[in-house]
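Keep in mind it's a predicted model, so treat the numbers as computed, not measured. Letters A, B, ... mirror the listed sequences (proteins, then strands); counts begin at 1. Only this structure's heavy atoms are used, side chains among them; waters, hydrogens and symmetry mates stay out.
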Amino acid sequence: MERFAPVSEQYDPDEVEESTFEYWAETDAYERTRKHRRDGEDFFFVDGPPYTSGAAHMGTTWNKTLKDAYIRYKRMQGYNVTDRPGYDMHGLPIETKVESKLGFENKKDIEEYGMEAFIDACQEFADEQLEGLQEDFKSFGVWMDWDSPYKTASTEYMEAVWWGFQQAHERGLVERGKRSITQCPRCETAIAKNEVEYHQVEDPSIYVNFPLAEREGSLVAWTTTPWTVPANTFIAVDEDVTYAAVEATKDGETEVLYVAEGVVEDVLKKGRYQEYDVLETLPGAELLGWTYDHPLADEVAEYPDFEGSGEVYHADYVEVDRTGLVHSAPGHGQEDFERGDELGLDVYCPVGSDGVYDSRAGDYAGQFVRDANDDIIADLDANGYLLASETYTHDYGQCWRCDTDIIFLATDQWFITVTDVKDELLDNIDDSHWYPHEAREDRFKNFVEESPDWNVSRQRYWGTPIPIWLPEDWDGDMDEAVIVGTREELAERADQAVDPADIDLHRPTVDDITITEDGTTYERVPDVFDVWIDSSVASWGTLDYPGNSEAFDRLWPADLIMEAHDQTRGWFWSQLGMGTAALGEVPYSDVLMHGYANMPDGRGMSKSKNITVEPGEVIEEYGADPMRLFLLSRNPQGEDMRFSWDETENMQRDLNILWNVFRFPLPYMRMDEFDPEAVELADCELEAVDEWLLSRLQTTVEEMTAAWDSYRQDEALDVLLEFLVEDVSRFYIQVVRERMWAEADSDSKTAAYATFHHVLTKTVTLFAPFAPLVAEQIYGTLTGESGHPTVHMEDWPEFDEAWYEPQLEADIETVRAVEEAGANARQQAGRKLRWPATRVVVAADADGVADSVDRQRALLRERLNAREIELVEATEDWDELAYGARADMSVLGPAFGGDAGEVMDALNSVTVARKDLDALEAAVAEELGREVELTPEMVEFVTETPEGIEGTEFRVAGESGGVVYVDTELTDDIEAEGYAREIIRRVQEARKDLDLDIDAEIHLDIAVADDRIADLVVEYHDLVAEETRATLADVDEGFHEAYDIEGVEVTLGVTRAN
RNA sequence: GGGCCAAUAGCUCAGCCAGGUAUGAGCGCUCGGCUGAUAACCGGGAGGCCCUCGGUUCAAAUCCGAGUUGGCCCA
């Protein structure tokens, strides 16, 4: 880019985006930046892979923006950053999308269509989505290695999964087992707990009598799943609860029922018994071991009838609710399963993976379980075991993909038994640093402590095949199983010819491979891994390990990962588990856990409910950089974000200020052919404000760096924007304007140019990680050929002690406070800034303030347009002042106890003529109606503006600074200058209206209607001429305009000279 | 139902950990000013049951308890 080239008058995000993207492409900016840091210290960042279905939403956008910003920051600090993006491409969500695209209803349709073709369709779908996501991420300036993302569906990556699994196996952490799992009968697979969504459904609610075998009466249990009754194995009671034997009468017949004492009346009412009699009460412990007959023994010939079945046991999950006895079927319910496991009971489950009863279910065989509910209820009724039947609306789990009601089944699944290494997991957690720290201590540790073994198997197609080969009559001994870890290993052990360089590890290719060793042939189990397993190995999968070990040896474990808080139990956890199971270590060092992106009103975003703010819309409305700035201005540590259109607009305005600030000096620098390379800042004759701005830059750099390094880029941005808006725009530019405008070359002007150029270049460098697009444009315009090809190759600015002047910063802070108060006082006096004040009196409250004012008198005079600055030291009083007092409650509270508030009010309301404690006590006593004893520590005296003088208090660094008084007395000279400045302003306006270049010379004709004023103005003709680049002359043609200035008519004529 | 987090001006948020008058900040609103950055910039003003209820304390936005609403996670 050409240095100091003219730029558009306004910040236009669209234009900036377009030209920057073009520039990046032309110059290979990304590749060059990476190359530039090739020899830097390694920084291993790992991208948490987004799932490849759908476009980037605001949450993903926030996440990627944060990642991009931190990667850029780290690069600027010299690191060689790993920035490979990742995509999570396997799993049921994509399968169901493809199924619905192809019009499939269930697994059989897939088998008919052909597994290979179906998997190809899934691959194609995932690839398409991946491309869309990449384009989304690029659209807001993210720089990652888009040309070679890691894909969980790639052969290299699946191998990384296999390897990790094999490592876990070698540590003895893989086993097959029956578990009660949540099954989607449509998808015919187990689904993870977090994939279960809860909806309100209406289910049967039945009370079933289980007839006691060895004594009279029945046990009454309640259930909402009649279809689990065939699998009833035992009845659970609470041994510490009291139960009642009740003789109940209905329609002349009596029977004995056992229920918890506390619910007798409720149950009997449900059963519509007319009378009842409590025969006896007994503790639950006495019921233990009682036996009963299966209520569907006739219908289900092969009902659970084995050692220990049909008995009463204690269980912790029993509550005195409904009946106080719980129908338990370990083949279905999860708690039932666990208790049955403890009791050593067999697991009986007469239901297939599609939710259809098998032959063991007798009369119900072939029926879908939920469809059998009515028959079962009818049969129970016919058998005389139905006490009551009604319906019940409750939350019930459904498959997140297809909304089918889930069922609980005990089936054979593969597990990684992370519970065996729980202590190691908890130890390893301490090796990671979490931001915010509490998330690790509270949320994560709680979760890990309570987490069960991992069911890693899914009975599906589009996933990494589980690399387990089993002999035909396998007995469950893992030593007899073959677990393959790499392609090479597979090629070596397979019976078939396998080319490791070429093989696709997906089903069905691997399904056909067998292994024969020592005369035994092994076949692969048909399952695939749960998709969560894929991403759990990202820390080595992203490095193509084990296929390639160089990067792994050098980089692993990850230096940094960052995701939202839902990943606590997701990716943060799965990586810890897999890292520990496979390598005995936590695979990441730093974790930045951010929040969720919510709607402006605080609701969660939801694509399906059409409650979203789309990143594309925001970019279109306000631009990519403003959106990024907004996202990066939010606290990234745990807290949810509310998206705000208004705040995004504000960011655009702030960038417009950046644009204006940078644009301001360009015409002058161009005109004077300023060459930043030829001027050494240290050799310039810097003025105080220049030194001040350079010092402020150091402070800004230091504060920003500290914020970045503690993962608070939002605070860094605050500091930067404040520096830009407050220091550069609102102060430095205002002060430096006259120096820039001066016609003649001067050391002062050069110093201003050099300062400005240096500060702007550094400032835009500091902006680079936040707003990479506009930063690039500005940087290019400031540096031209002399800088790096891209701002993103710049080093992160370092704090430079040599330019740091804290005293000067404090001085200017005081100057600005005084200036602001002075402007206020002027306004009260109705005196414009253009009219000089004869004097300004600063009555300081503190020595430091007085010293600062004293040192900066010249600057203050200029800023306040005052002829004189008078200073009243802190130790002095100004005769005409009155004083008030302010209470210090930290002293007053303990001293006065309950009366403190009252004393405070009195103190605050009185005034005295002197800063005198006795006088104050007297005044307070008067106000309060009684004497109080005050100490100097209790009060702070404050100046108050006396009548007749225009004064305004000011504060410095949160402390009272003093009062600024403006004397607005008019003299001839002041009037003369006032009018002259009014004229200058109007001439400047005319110059602009006439579209004159800033260095164009003019002829100026001034006619003042009032003779006295006309004479006064003549005194300032030189000033007017200089400021407007004018020669005073008669102007007959061209611009003529009459103005009313303070009631005096002034006519100006302006024309271009020559 | 359980765990974690949040609630302060119209909006977005500081302040809370280490209790002491909310001079709260920016934006917005409004009135005024400035004027070769000008769709920029500066000053004044209005605007608060600090989510609710209890407790601790001389004193609570801040600490504690219960609740409400929202977010995430787990049932």
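Protein atom CZ of A:R863 is 13 Å distant from nucleotide atom C1' of B:G43, rounded to whole Å. Here B:C5 presents its C1' atom at 10 Å from CD of A:E438, a figure rounded to the nearest Å. Atom CZ of A:R440 is separated from atom C1' of B:C4 by 16 Å (rounded to the nearest Å). A straight line from OH of A:Y11 to C1' of B:A39 spans 15 Å, rounded to a whole angstrom. Between the CE atom of A:M627 and the P atom of B:U12 there is a distance of 19 Å, rounded to whole Å. Computed from coordinates, the A:I733 CD1 to B:A37 P distance equals 8 Å when rounded to whole Å. Between the CZ atom of A:R985 and the P atom of B:C41 there is a distance of 18 Å, given to the nearest Å. Going from atom CD of A:E703 over to atom P of B:A14 covers 18 Å, rounded to whole Å.
Side-chain N/O atoms of A:E982 and A:W835 include a donor and acceptor closer than 3.5 Å. Between the side chains of A:R653 and A:N656, no donor N or O sits under 3.5 Å from an acceptor N or O.
Counting any heavy atom pair closer than 4.0 Å across all strands shown, A:G602 reaches sugar-phosphate atoms only and no base atom. Residue contacts for A:P665: at a heavy-atom cut-off of 4.0 Å it reaches no nucleic acid atom on any strand shown.
With C1' as the reference atom, B:C51 and B:A6 are 11 Å apart, rounded to whole Å. Atom P of B:A25 sits at a distance of 15 Å from the matching atom of B:G47, rounded to the whole Å. B:C50 sits 10 Å from B:G15 when the C1' atoms are compared, rounded to a whole Å. Remark: the separation of the P atoms in B:A40 and B:A22 is 35 Å, to the nearest Å. B:C11 sits 12 Å from B:G48 when the P atoms are compared, rounded to a whole Å. Comparing B:G44 with B:G54, their P atoms sit 39 Å apart, to the nearest whole Å. Between B:G2 and B:G67, the distance separating the two P atoms is 8 Å to the nearest Å. Comparing the P positions of B:A66 and B:G1 gives a spacing of 15 Å, expressed to the nearest Å.
Pair assignment for B:G1 gives B:C74, based on Watson-Crick or G-U wobble hydrogen-bonding distances that are each under 3.5 Å. Pairing for B:A14 is absent, judged as Watson-Crick or G-U wobble with the two contacts each under 3.5 Å. When both distances must be under 3.5 Å, the Watson-Crick or G-U wobble mate of B:A22 does not exist. With a 3.5 Å ceiling on both atom-pair distances, the Watson-Crick or G-U wobble partner of B:G54 is B:C64. Nucleotide B:C41 forms a pair with B:G33, judged by Watson-Crick or G-U wobble geometry with both contacts under 3.5 Å. For B:U69, the paired base is B:A6 (Watson-Crick or G-U wobble, both distances below 3.5 Å). B:G48 is unpaired under the criterion used here, namely a Watson-Crick or G-U wobble arrangement in which both key atom distances are under 3.5 Å.
The A:S644 side chain lies nearest to B:U12 when the options are B:U12, B:A37, B:C41. You'll find that the side chain of A:Q10 is closest to B:A39, out of B:U12, B:U38, B:A39. Taking every side-chain heavy atom of A:E820 into account, B:G44 is the closest of B:C72, B:C11, B:G44. Closest approach to the A:I657 side chain among B:C41, B:G71, B:A37 is made by B:C41 (side chain taken as heavy atoms from C-beta onward). Comparing atom distances between the A:Q734 side chain and each of B:A39, B:G71, B:C41 picks out B:C41 as nearest.
Aromatic rings from A:Y668 and A:F674 are positioned such that their centres are separated by 6.0 Å or more. Taking the six-membered ring for Trp, A:W532 and A:W573 have ring centres at least 6.0 Å apart.
Nearest approach of A:L860 to A:V818, heavy atoms of both residues: CD2-CG1, 3.6 Å.
Between the base of B:A40 and the side chain of A:S729 there is no donor-acceptor pair shorter than 3.5 Å. Side-chain atoms of A:E450 stay outside donor-acceptor range of the base of B:G3, with no qualifying N/O pair under 3.5 Å.
The phosphate of B:C41 has neither OP1 nor OP2 within less than 4.0 Å of any side-chain N or O from A:R653. Contact annotation: A:R443 does not reach the phosphate of B:G3 (side-chain N/O to OP1 or OP2, under 4.0 Å). The side chain of A:R634 contributes no N or O atom lying less than 4.0 Å from OP1 or OP2 of B:U12. Taking only side-chain nitrogens and oxygens, A:Y668 comes nearer than 4.0 Å to OP1 or OP2 of B:A37. Contact annotation: A:R737 side-chain N/O to B:A37 OP1/OP2 distance is under 4.0 Å.
Classified by interplanar angle (parallel below 30°, tilted 30° to 60°, perpendicular above 60°), the ring pair A:F664/A:F756 is tilted.
The neighbour count for A:E726 CD, taken as heavy atoms of other residues, nucleotides or ligands under 6.0 Å away, is above 12.
Judged by closest nucleotide on RNA chain B, A:D654 is the one of A:D654 and A:V725 placed further toward the 5' end. RNA chain B is contacted by both A:N446 and A:D566; A:N446 maps to the nucleotide lying nearer its 5′ end (nearest heavy atom per residue).
Residue A:E977 holds its CD atom at 8.0 Å from CD1 of A:I984, rounded to the nearest 0.5 Å.
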